[in-house]
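In each ligand, atom 1 is the first atom listed, and ligand 1 is the first ligand listed. This is a predicted model, so every value here is computed, not measured.
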Amino acid sequence: MYKAKAYSAASATSPLTSTRIERRDPTEHDVQIEILFCGICHSDLHTVRNEWSSVMPTVYPCVPGHEIVGRIAKVGSAVTKFKPGDLAAVGCMVDSDGTCPQCQEGLEQFCPKMTLTYNSPDKHLGGVTYGGYSESVVVDERFVLRVPSNLDIAGAAPLLCAGITTYSPMRRFGVTKGKKVGVVGLGGLGHMGVKFARAFGAHVAVFTTSPGKKEDAFRLGADEVVLSRNADEMRKHAGSFDFILDAVSADHDINAYLNLLRRDGNLTLVGAPEKPLAVSAFGLLFGRRSLSGSIIGGIPETQEMLDFCGAHNITADVEVIPIQKVNEAYERLLQSDVKYRFSIDMASLKSK
Ligand code: NAP
Ligand code: ZN
């Protein structure tokens, strides 16, 4: 075992502060990664503040972070995919059983024994796993991704969660040329959703509560921008969408969006608000519409998404911050004041 610098929260009401955590020495299938950048996902905030206590209670201290890009420092004797010096990335998962039907289909996110990057039982060290707000991490090579060399690494880090979470349902629901697609909430996930829907050739509308984001939405690839608190603007789109991706982190009225779907249209929730959302049956019955959920993506699809981003030069729009600004960044996330992902420069951890 070795000690690594990190930032952790001691309770649901504590700020994140500097600490040292234990990491295992790499076993034969592991790689040790020196972390260069880690994105800040709203899930980090939900977890640190124990907002998902009914489903996944937080164990403290909590070290969040699951949008990790870094350089391989060491590899175990049986590692074949990576060598020291390679760029590598880790997303929301670090392990699974590898044998169940889900894993065999490359859908590790649904494996009953899947280990999340943080706040999941750590089968090596006991306690829970610690995430990417740290100088290094040790991960089984099966869960380590390759980063296309042409991508800016600060902007590539958020692809590991915000990227795959929006890419996967859009692929599954056939977002392509000729489809009208909506993205609700222009935050970290939402802005990646806009970029992918655009790259897939769809007609893209952004729904936002923030009038100040309108110009950015067009720049990011939207064909239309709808201020969702304006009922007249919303009404104009009734019954017209093939697919809507809802990436909102807080309570909101999803019925307003169900009514915008055409017959057989689908609304996929990727946002995970703390409290249950109310669904009116009629929004689904009329039009035979469907409501689904989606969570990240499997390892093969995550690599496919990274390679797609390499080919199309897609990264997140990031505001790079030092780790010392992480608590401020969380407050800004709560104000929807992020353009459009915070990416922590982990060199700042060394300076402390
Ligand atoms: P984020 O960057 O904070 O963006 C959320 C956006 O939602 C905001 O920028 C805002 O967009 C909108 N919003 C916030 N409060 C709202 C309210 N009260 N009413 C309406 N709109 C509101 O968050 P994120 O990192 O993209 O994550 C979004 C959600 O997805 C979180 O709940 C997160 O936990 C979840 N998530 C799920 C998965 C998965 O696998 N399913 C993966 C990652 C994250 P506007 O300013 O444009 O309105
Ligand atoms: Zn995330």
Looking at residues at least two apart in the chain, or sitting in another chain, which of them share a side chain to side chain contact (heavy atoms under 4.5 Å, CB included) with Ser249?
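Testing Ser249 for side chain to side chain contact (heavy atoms under 4.5 Å, CB included), a comparison that skips the adjacent residues, returns His42, His46.
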
May I have the N/O to N/O pairs between ligand 1 and the protein that fall below 3.5 Å, each with atom names and distance to one decimal?
residue	atom	partner	partner atom	Å
ligand 1	2 (O)	Gly188	N	2.8
ligand 1	3 (O)	His42	ND1	2.7
ligand 1	9 (O)	Lys213	NZ	3.2
ligand 1	11 (O)	Leu186	N	3.2
ligand 1	25 (O)	His42	N	2.9
ligand 1	25 (O)	Arg341	NH1	2.6
ligand 1	26 (O)	Gly188	N	3.3
ligand 1	26 (O)	Leu189	N	2.8
ligand 1	32 (O)	His46	NE2	2.8
ligand 1	32 (O)	Ala272	N	3.0
ligand 1	34 (O)	Ser43	OG	2.8
ligand 1	34 (O)	His46	NE2	3.3
ligand 1	40 (O)	Ile296	N	2.9
ligand 1	41 (N)	Val270	O	2.9
ligand 1	41 (N)	Ser294	O	2.9
ligand 1	46 (O)	Ser210	OG	2.5
ligand 1	46 (O)	Lys213	NZ	2.7
ligand 1	47 (O)	Leu186	N	2.7
ligand 1	47 (O)	Thr208	OG1	2.5
ligand 1	48 (O)	Thr209	N	2.8
ligand 1	48 (O)	Thr209	OG1	2.6

With distance as the sole criterion, is a donor-acceptor pair present between the side chains of [X] and [Y] under 3.5 Å?
X      : Y      : answer
Asp232 : Asn230 : no
Ser14  : Tyr60  : no
Thr27  : Asp30  : yes
Gln303 : Asp307 : yes
Tyr118 : Asp44  : yes

Greater than 12 external heavy atoms within 6.0 Å of Phe286's CZ:
no

Six-ring centre of Phe308, Arg171 cation under 6.0 angstrom, axis tolerance 45°
yes

Got a sec, which residues hit ring-ring contact (aromatic ring centres under 6.0 Å, His included) with Phe241, two or more places apart in sequence or on another chain?
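Residues passing ring-ring contact (aromatic ring centres under 6.0 Å, His included) with Phe241: Phe207, His237.
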
Taking the Zn ion (ligand 2) as the center, what protein N, O or S atoms are found at less than 2.8 Å?
Cys41 SG, His66 NE2, Cys161 SG

